[in-house]
Amino acid sequence: MVWILGTWNVNSLKARQEHVLRYLEKKSPSVLCLQETKLRDEAFPKAVFESRGYQVLHAGGPGRNGVAILTRDPAKGIIRGFPEVDDPQAHERLFGAEIRGIYVISVYVPNGSPVGSDYFLYKLEFLYRLREFLERHFTPETPLALCGDFNVAPGGLDVYDPELLEGQICFHERERSALRLLADWGLVDALRLKHPDKPGLFSWWDYQFGAFRANRGMRLDHIWVTRPLAERLADCFIDCEPRTWSKPSDHAPVIAVFDLPD
DNA sequence: ATGACTGGAGTTTCCAGA
């Protein structure tokens, strides 16, 4: 069977509810991970999504964060935040569940701006904690998909101007190396597995300066998969269509298509 | 033309996003 997994930073679900519903209707993903819902748990309009056949798992809070997993199939083995670490922010930034034998994680890595600040160090720490979390709870042989907004462009191909952006937030060597350390646990970047050398593939564009029209963006949203899942990957792409809709999120969905046994 | 974006909080202007 074809199993479609998506991840999308919606920049407020309240502002983007109609976009998300339209997207589910048009593309019918099996699972859609969301980031930046900006909702408290009790404020999530669960019934609206349930009536369209999606179970809602949401980890929000009073702040600007909030991650969710919308799934057509039942979920179990739910994990919220880093269970072994006292990190309240992670409770609104990490949510995982097992769906059809695949462990799906929706994550929103802190932005970390400005470079060099305490918040920047927290971003790096968050990426290290993410690796420790994987080490503790899973193995690289677990079918696992780590999806979300990593707020890091992995390499020079993933930003519109690597020379200009080098050292700036989301394209600093310390961020990239923290991301590599995470991936070295046993994860593959699904998009680069299918499109290893293709430039101009971005998932975020600044609202300002006509950045989307000029395709001046960065690839900050990723789907990282373990080997057993990578072997099942049929396709991976960034779906720019919702970025063209009226009042869009500044991020576009990333979609991975898998061929799973029936 | 010297600006140019968006959402949320909370109250009219600021902060954060990336």
Side-chain angles (χ1 to χ4, degrees), chain A residues 7-21 33-45 58-68 88-90 92-94 106-127 130 147-179 191 200-222 238 240 242-254:
Chain A
T7 185
W8 190 8
N9 179 324
V10 291
N11 185 19
S12 165
L13 186 67
K14 188 173 171 226
R16 228 67 64 197
Q17 180 173 316
E18 291 312 310
H19 279 208
V20 176
L21 291 174
C33 297
L34 304 177
Q35 297 85 37
E36 278 205 272
T37 62
K38 300 188 181 181
L39 293 176
R40 296 167 185 271
D41 288 336
E42 60 273 20
F44 199 105
H58 182 236
R64 311 188 145 75
N65 310 317
V67 293
Q89 271 212 42
E92 309 167 12
R93 291 183 176 275
L94 180 89
S106 179
V107 67
Y108 175 44
V109 174
N111 170 280
S113 179
V115 169
S117 64
D118 286 350
Y119 189 36
F120 183 75
L121 297 178
Y122 173 65
K123 176 183 195 173
L124 301 175
E125 185 70 30
F126 190 96
L127 289 164
L130 204 43
C147 315
D149 177 0
F150 290 79
N151 269 317
V152 183
L157 267 185
D158 303 307
V159 295
Y160 68 93
D161 187 338
E163 281 181 35
L164 176 72
L165 296 173
E166 178 64 52
Q168 296 192 38
I169 200 66
C170 302
F171 196 57
H172 191 286
E173 175 52 29
R174 293 188 69 185
E175 298 169 272
R176 297 198 299 270
S177 68
L179 186 62
L191 187 119
L201 299 177
F202 307 132
S203 66
W204 172 85
W205 303 261
D206 200 309
Y207 281 123
Q208 303 179 75
F209 321 119
F212 179 64
R213 208 176 27 171
N215 197 27
R216 286 191 291 263
M218 296 196 263
R219 192 169 68 89
L220 307 180
D221 304 86
H222 319 139
I238 296 167
C240 294
R243 191 65 174 76
T244 69
W245 296 346
S246 154
K247 301 278 281 177
S249 168
D250 44 355
H251 295 252
V254 182

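As the structure is a computational prediction, the values presented were derived from the model and not from experiment. Throughout, a chain's letter reflects where its sequence line sits, starting with A, and its residues are numbered from 1.
No contact: F212(A) has no heavy atom under 4.0 Å from any strand. When heavy atoms are screened at a 4.0 angstrom cut-off, H251(A) is found touching the sugar-phosphate backbone but no base atom. Among the heavy atoms of the strands lying under 4.0 Å from D149(A) are primed sugar atoms or P, OP1, OP2 only; no base atom is included. Among the heavy atoms of the strands lying under 4.0 Å from Y119(A) are primed sugar atoms or P, OP1, OP2 only; no base atom is included. Counting non-hydrogen atoms under 4.0 angstrom, E36(A) reaches the backbone sugars and phosphates but no base.
A salt bridge does not link R16(A) to E36(A): none of the charged nitrogens lies less than 4.0 Å from a carboxylate oxygen.
Rounded to whole angstrom, the span from the CZ atom of R93(A) across to the C1' atom of dA16(B) amounts to 11 Å. We find that CG of N65(A) is positioned 8 Å from P of dG17(B), with the value rounded to whole Å. The separation between Y160(A) atom OH and dA18(B) atom P is 15 Å, rounded to whole Å. Regarding I169(A), its CD1 atom lies at a distance of 13 Å from the P atom of dA16(B), rounded to whole Å. If you measure from atom CG of D250(A) to atom P of dA16(B), you get 17 Å, rounded to the nearest angstrom.
Every residue meeting the salt bridge (charged side-chain N to carboxylate O under 4.0 Å, His left out) condition with R219(A), not counting sequence neighbours, appears here in chain and number order: D158(A), D189(A). For H222(A), the ring-ring contact (aromatic ring centres under 6.0 Å, His included) partners are F150(A), W224(A), not counting sequence neighbours. Residues passing the side chain to side chain contact (heavy atoms under 4.5 Å, CB included) test with L21(A), sequence neighbours excluded: Q17(A), E18(A), V48(A), F49(A), R52(A). In this structure A59(A) satisfies the side chain to side chain contact (heavy atoms under 4.5 Å, CB included) test together with V67(A), R80(A), F95(A), sequence neighbours excluded. Considering only residues two or more places apart in sequence or on other chains, Q89(A) meets the side chain to side chain contact (heavy atoms under 4.5 Å, CB included) condition with N65(A), D87(A), R93(A), Y122(A).
Side-chain nitrogen and oxygen atoms of Y108(A) include none within less than 4.0 Å of the OP1 or OP2 phosphate oxygen of dA16(B).
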What does the list of N/O pairs under 3.5 Å between the protein and nucleotides 5-9 of chain B look like, with a distance for each?
| unit_1 | atom_1 | unit_2 | atom_2 | d |
| --- | --- | --- | --- | --- |
| dG7(B) | OP1 | R16(A) | NH1 | 3.1 |
| dG7(B) | OP2 | K247(A) | NZ | 3.0 |
| dG7(B) | O3' | S12(A) | OG | 3.1 |
| dG8(B) | OP1 | S12(A) | OG | 2.3 |

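Taking atom P in both dA1(B) and dT11(B), the straight-line distance is 39 Å, to the nearest Å. For the P atoms, the distance from dG17(B) to dT2(B) is 30 Å, rounded to whole Å. Using atom C1' as the reference point in both dA18(B) and dC5(B), the two lie 12 Å apart (nearest Å).
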List the steps, then state whether side-chain hydrogen bond (donor to acceptor under 3.5 Å, both in side chains) holds for T37(A) with H58(A). CA-CA 9 Å; T37(A) 62; H58(A) 182 236; 2.8 Å; yes
